[in-house]
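Whatever order the structure lists them in is the order used to number ligands and atoms, beginning at 1. When a residue number appears, it is its place in the shown sequence, counting from 1.
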Amino acid sequence: MTAAATSTIGAHYVEPSATETLTPGDKIADLFARNMQGPVVQRLTDRVWWVEAFNYQTIFYVGDESVLVFDAPEGISPMVAGAIAEVTDKPVTTVVYSHYHADHIADINVFVDAAKARGQELTIVGSSKTVEKMRLVGSQYPVPNQVIAWPTDSFQFEGLTVQLHGFEWAAHTDDHSAWLLVQEGVVHSPDLINPDQPPFWRFAGNERFLFSAENLRQVRDLEWTHLSGGHGNIGSREDIDFDLAFMEDLVAAVGEAMGKHDFMSFISPDATAHTPFLADWIDAIAADAVDALRPKYGELYGYEAATRPNAEMVAFSMFEHR
Ligand SMILES: [Zn+2]
């Protein structure tokens, strides 16, 4: 067993509690070890709870009559339903799709079937962009039946206002967005950031690194005290600032490595195809960048596994966007 990784932001860690609300900025201690054993449940506010198991995470809101859940992450939603049942006997009537990715909605039938068993139809809220993207990719999951306007709209759930803040130029997916639970001061934006960890593989599986920092700044500027990122610990603005600083350092390290490795030296007239030239150049740049950042970030959670693919992504983005 290795020791738990160092916090990215020098966080204050606490034991999880399903009954006591969390002081903004505090984080769950030993989250990786805990969540590999089963669900970790933390009460964030009077009405919002956070649940993570096996490195997937979501939140739910308990209203006077019923429960609103965000996403249905693959493989863990039965545990989320179990966590809800520990907190309240009110039924889940509504689920929000944060974005169309299958790994965040694949367990939707856990909630569809439970509603059906009560003789009700589950309300699934999503943006018009999510509906469009689900049709485009041939998603096998039920599309939202309460569609709100992209990129900015809101809906009411009992007394709660939930605002959609879509990223018009999104890094992660075309329909990527942040969902703000206004009265609770909680924002939910899976795959934007893994709080208390350096950026995950390819910046949390994003499609376009180019817009990553801008999307982070857009969320930072909203009114909230707790951030739910779909993975990782409970987030604060310090986590966003950490990611922005990390990206800035990585861009600088990649830029320096690009200056050191002349592309022409990766070209060989004796090769049988040109195919490896760009790949080998990017590989060399990424390897240098990972080495350059290791003294500052190397002890942080998952650095070695995540940073090489992130550096490759940054290198290609910088190559194409000049
Ligand atoms: Zn995703």
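When every heavy atom of Met79 is checked against every heavy atom of Ala53, the shortest pair comes out as SD-CB, 3.7 Å.
Checking Thr161 against Gln156 by side-chain atom types alone, a donor-acceptor pair falls below 3.5 Å.
Screening residues 227-237 for side-chain hydrogen bond (donor to acceptor under 3.5 Å, both in side chains), with sequence neighbours left out, gives Gln57-Ser228, His104-His231, His188-Ser228, Asp191-His231, Ser236-Asp239.
For Asp288, the salt bridge (charged side-chain N to carboxylate O under 4.0 Å, His left out) partners two or more places apart in sequence, or in a different chain, are Lys260. In terms of the side-chain contact (heavy atoms from CB on, under 4.5 Å) criterion, residue partners of Pro309 (sequence neighbours excluded) are, by chain and number, Trp201, Arg202.
For the pair Val87/Val67, no side-chain contact is recorded, criterion being any heavy-atom separation below 4.5 Å from C-beta on.
Listed by chain and number, His99 NE2, His101 ND1, His172 NE2, Asp191 OD2 are the protein N/O/S atoms closer than 2.8 Å to the Zn ion (ligand 1), with waters left out.
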